[in-house]
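First the proteins, then the strands, lettered A, B, ... as listed; each starts at 1.
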Amino acid sequence: MHAVPGDTATLTDPMDGSLVALARAGDAGAFERLYRENVSRVYALCLRLSGDVARAEELTQDVFVRAWEKLSTFRGESAFSTWLHRLTVNLVLGERRSEGRRRNHLSAQPVDEMELAAPRTAAPGTVMDLEYAIQGLPPAARTVFVMHEIEGYAHEEIARLTGRAEGTCKALLHRARKQLREVLS
Amino acid sequence: MIDHDTMRDRIDPYADGLLEPPAAAEFERHLEGCADCRAELALLRRVQVAARELPRGIEPSRDLWAGIAARIAEAPRPEHAEPDHGREREEQAERVRVISITEARSRRFAWPRTIGMIAASFLLIAVSSAVTLLLVRGGSEFGAGLAELPAGAAGAEAALVAWEPAEREIVSTVEELELSLELQRDVLAPETVEIVELNLAIIDGAIAEARAALEADPSNEDLTFLLMNVYRKKVDLLQSAVQVSNL
């Protein structure tokens, strides 16, 4: 388990501090530097949580626009990358909850049941690696797996962030692991 | 005897270290005789290790910056965005006030959007005002609010003795930074140079004010601490300017 969920950077980089100060004052060039330094990390998280390249690109852009708007709330108490990571998780999961509510509104089928049913499978003959297999997981199970196994979040924190019961998160993780074992065995 | 399916359900919690010791011991005894569960557990560990070894970053297949740049051009400037919490709103109000003060002092400049050191000038204005406040009150309450300064120094004399080498060191650091900045002056935008110089002028004014006050009242340890803090602000500003010039 990682000491700091999602990001091992715990010290504030003085250069990042300068770039943040400049970006806060409205310097888009400095913010672009911060974008270049962090985009791969943000995009990877968005891709793994969304399981979709086009959606991950949209979410990545949303994250950086939100970061720009919220820069005044960054206190420099943690590394900028850590702050950005938390913002990414909150934004992506917030979007997921909104989408879930919209779908619930349209369908009488409970979200969990809908997401757990009929997991997608990879095309036959495809050489699958773990990354691909993760993207093939149902959304809810994928989210919990990514947050727990890759990003290092505890079940309690995942439950809080996703708005699900802790027991549900454990069940989703169990399901994800089981499916990945089947795929990779 | 617990059945195989029940034991199989323990694979996950066992791998996560969540089983109570008696249940874990029972599961380990089961593992010794169950090749299926051993294989499942080994596979789970492989998945876990592989997940942790996945790259932390993945480059998007196209550059997303253009879309972001277009959107932030329409968004409010970060300094003007609405913060989330009450404390942040208070800080925001302070920053807005600072810029107003600074702008009022520098109307001859076309104020650039790119200068992050503006806040430093506000801090120094506040510090300068604090010198005046201390002189008027002759008190110690301002010093109590300076978290970075040593608390409970054994009297003004000790504070002054301790301060002299510290001042020499800080002045030396300041001189080195000023030299570095001077050498890189050409790389900075003229507006940036103007802002830095404006801030430095304010800081130097505060230093002079605090120095004069200290000479008049050498036993005032709060003034000593305040002067040290003003120097620190100068070092911070110079370091920021040097870093910006290295971007």
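- Per-residue counts of heavy-atom pairs under 4.5 Å with chain A were compared for B:Asp12, B:Val47, B:Asp9; the largest is that of B:Asp12.
- Ranked by heavy-atom pairs shorter than 4.5 Å toward chain A, the options B:Ala50, B:Ala39, B:Gly57 are led by B:Gly57.
- Side-chain contact check for B:Pro60 versus A:Thr60: every heavy-atom pair is 4.5 Å or farther apart.
- With a 4.5 Å cut-off on side-chain heavy atoms, B:Trp65 and A:Glu32 count as touching.
- When all heavy atoms are compared, the tightest approach of B:Ile58 to A:Ala44 is N-CB, 3.5 Å.
- With a threshold of 4.5 angstrom between heavy atoms, B:Ala69 does not approach chain A through any atom at all.
- Contact of the A:Ser40 side chain with the B:Arg56 side chain is not registered, since no non-hydrogen atoms from C-beta on lie closer than 4.5 Å.
- In this structure, chain B has a heavy atom under 4.5 Å from the side chain of A:Ile134, while its backbone stays farther away.
- At least one side-chain heavy atom of B:Arg71 sits less than 4.5 Å from a side-chain heavy atom of A:Asp62.
- When atom types are taken as modelled, the side chain of A:Glu131 and the backbone of B:Leu54 share no donor-acceptor pair closer than 3.5 angstrom.
- Proximity to chain A (any heavy atom under 4.5 Å) is shown, for B:Pro55, by both the backbone and the side chain.
- The contact between A:Phe145 and chain B is made entirely by side chain atoms (from C-beta outward), counting heavy-atom distances below 4.5 Å.
- No side-chain heavy atom of A:Ile150 sits less than 4.5 Å from a side-chain heavy atom of B:Arg52.
- The distance from atom CG of B:Leu43 to atom CZ of A:Arg181, rounded to the nearest 0.5 Å, is 6.5 Å.
- The closest donor-acceptor contact from the side chain of A:Tyr35 to the backbone of B:Ile68 lies at 3.5 Å or more, if one exists at all.
- Considering only heavy atoms from C-beta on, B:Gln48 comes within 4.5 Å of A:Arg177 through its side chain.
- With a 4.5 angstrom heavy-atom cutoff, B:Glu40 touches chain A via backbone and side-chain atoms both.
- To the nearest 0.5 Å, atom NZ of residue A:Lys178 and atom CD1 of residue B:Ile11 are 10.5 Å apart.
- Of the atoms belonging to B:Asp63, heavy atoms from both backbone and side chain fall under 4.5 Å from chain A.
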